[in-house]
There are 2 protein chains.
Amino acid sequence: MSSKRFSYEYPHPAVTTDIVVFTIRDEQLKLLLIKRKLVPFKGQWALPGGFVTLNEDIEQCAKRELVEETGVKNVYLEQLRTYGDPQRDPRERVITIAYFALIASEKIRIQADTDAAAVNWFDTGDLPKLAFDHATIVNDALQRLQKKLDYSAIAFQFLSEEFTLSELQKIYEIIRGGEIDKRNFRKWALSLEDIEETGEMNNAGAHRPAKLYRLRSHKRVVDL
Amino acid sequence: MSSKRFSYEYPHPAVTTDIVVFTIRDEQLKLLLIKRKLVPFKGQWALPGGFVTLNEDIEQCAKRELVEETGVKNVYLEQLRTYGDPQRDPRERVITIAYFALIASEKIRIQADTDAAAVNWFDTGDLPKLAFDHATIVNDALQRLQKKLDYSAIAFQFLSEEFTLSELQKIYEIIRGGEIDKRNFRKWALSLEDIEETGEMNNAGAHRPAKLYRLRSHKRVVDL
DNA sequence: TCAAAAGTGTTTGCTATACACCCATGA
DNA sequence: TCATGGGTGTATAGCAAACACTTTTGA
């Protein structure tokens, strides 16, 4: 059988990565999905991802798949969890390492590519039926995102280098799903060690211009 | 080649689980290691673990390997992280899903088995040189353990069903690596929703007997 | 009666929350 | 001049930290 060239003494599962990419846009938390071009689950929406090749690191694989399938790059990426139910893929045993990615919406231009028939952003409150166990993965990612808001500076990943405090507050409100008092929020934000004024102002709209801020540590995720 | 019976169209990495098992004993945080019987790293100390078989869930695999190699069962187990550096195993591409386990020291009777030449508990402050990238994995597990102390009831996993507040305090002191004020600690512990007196006392030693407590939720890990 | 661990409250500072008005700009 | 979002301070309550002595038991 010339199509089965890779042989092992013991059975080996296939290994993939899947990436849960979030952004914030139109005042909503959005999730990036692709429409599958191939079986199984052909035509259904799924997380971008794909098989780990033999000589690439798994994080590299996640980044590569993301570029290949959606055109998205330069994201904040962290490992979420590995899913290994023996039945999770109807083809063969596939273990997937899920990643969790955040990106500022201005940095993106998505485009469907080789393995995807379409790529789109979905409101996290209104997702289509997902292929495989991707609904579970998305749930876990949402929980992780919410928890991490409280003890890390992860929210800054949704903003560009320079941002106003109102923009930052909006991020927290959208992800937490509730209003936050403006004065208390600003007091808290300004007490963070690694936030600083740029000196510039954001003149946008018929209202008082807002001061611009940046992270001193250049958008690294910092434990608070 | 009769020894290579498993063939695939694309290369598949091997997948293992490795388990970082902690306990507390002799007032020290201890880690369970096995001495490798086989190459590579024959004779070196390593985390217990082994290959995922085709039809078992990865968590099942971790539990099975733990029993097989060390005789340890009924542990608290959670997934830590997946490690996939292409060079981490000299034999072939091996991706490992690391787990993180805690057990009360009284519940254990360890014993070396098929794949291990020896099994032993090591002080986490004084570990031998470890095989593969296991030193990295252990470090990650230690960090996770310390962080989780603050926002979960994970420390109870080190105790048996019934325990005294002094025993509980000791756990926190050992893992944090510092003394804690007794009155403040008790105030905090007793304010936890799911701790309750058993009514029994612990008459041990030439001193005042201590009240015994238990967790209402029977030692589930609860977010605080 | 001594040694050894169990048990017990109050004060103080910090941090989170609640809350309402003036400011600067463009249209 | 008006609509829009930007910007600011104080009072209160709840939580974390500091701190020392009495109690009960077995040897």
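Letters go in sequence order (proteins before strands), and every chain restarts at 1. Just the heavy atoms: all of them, side chains too, but no hydrogens, waters or symmetry mates, feed the values below.
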Whole angstrom value for the distance that separates [atom2] of [N] from [atom1] of [X]:
{"X": "A:Gln169", "N": "D:dG5", "atom1": "CD", "atom2": "C1'", "answer": "12 Å"}
{"X": "B:Leu190", "N": "C:dA6", "atom1": "CG", "atom2": "P", "answer": "14 Å"}
{"X": "B:Asp181", "N": "C:dA5", "atom1": "CG", "atom2": "P", "answer": "17 Å"}
{"X": "B:Asn203", "N": "D:dA27", "atom1": "CG", "atom2": "P", "answer": "11 Å"}
{"X": "B:Phe163", "N": "C:dA6", "atom1": "CZ", "atom2": "P", "answer": "14 Å"}
{"X": "A:Leu212", "N": "D:dG6", "atom1": "CG", "atom2": "C1'", "answer": "12 Å"}
{"X": "A:Met201", "N": "C:dC23", "atom1": "CE", "atom2": "P", "answer": "15 Å"}
{"X": "A:Leu165", "N": "D:dT8", "atom1": "CG", "atom2": "C1'", "answer": "12 Å"}

- Counting just side-chain N and O atoms, does A:Ser166 come under 4.0 Å of either OP1 or OP2 of D:dG5? no
- Query: Among A:Thr124, A:Leu142, A:Ile137, A:Leu32, which one satisfies side-chain contact (heavy atoms from CB on, under 4.5 Å) with A:Val20?
  - Reply: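 Filter result, single survivor: A:Ile137.
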- Task: Would you mind reporting whether B:Arg81 and B:Arg144 have side-chain heavy atoms less than 4.5 Å apart?
- Result: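 Side chain of B:Arg144 against side chain of B:Arg81, heavy atoms only: no contact under 4.5 Å found.
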- Look at the side chain of B:Lys187 against the base of C:dT8 and say whether a donor-acceptor pair falls under 3.5 Å; ignore hydrogens and angles.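 Counting by modelled atom types and ignoring angles, no donor-acceptor contact under 3.5 Å is found here.
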- Does the ring centre of A:Phe22 sit less than 6.0 Å away from the ring centre of A:Phe158?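 Ring centres of A:Phe22 and A:Phe158 not closer than 6.0 Å.
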- Measure from the side-chain N and O atoms of A:Asp133 to the backbone N and O of A:Thr136, and report whether any donor-acceptor pair falls under 3.5 Å.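 No; judged by distance alone, with no hydrogens or angles, the pair does not exist.
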In terms of side-chain heavy atoms of [X], which of [options] is nearest?
{"X": "A:Asn184", "options": "D:dA17, C:dT17, D:dG6", "answer": "C:dT17"}
{"X": "B:Lys182", "options": "D:dT24, C:dA6, D:dC19", "answer": "C:dA6"}
{"X": "B:Arg183", "options": "C:dA6, D:dG6, D:dC19", "answer": "D:dC19"}
{"X": "B:His207", "options": "D:dG7, C:dA4, C:dT8", "answer": "C:dA4"}
{"X": "B:Lys211", "options": "D:dT24, D:dG9, C:dT8", "answer": "C:dT8"}

- Side-chain H-bond candidate by donor/acceptor type, B:Asp18 with B:Thr96, under 3.5 Å: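 There is such a pair between these side chains.
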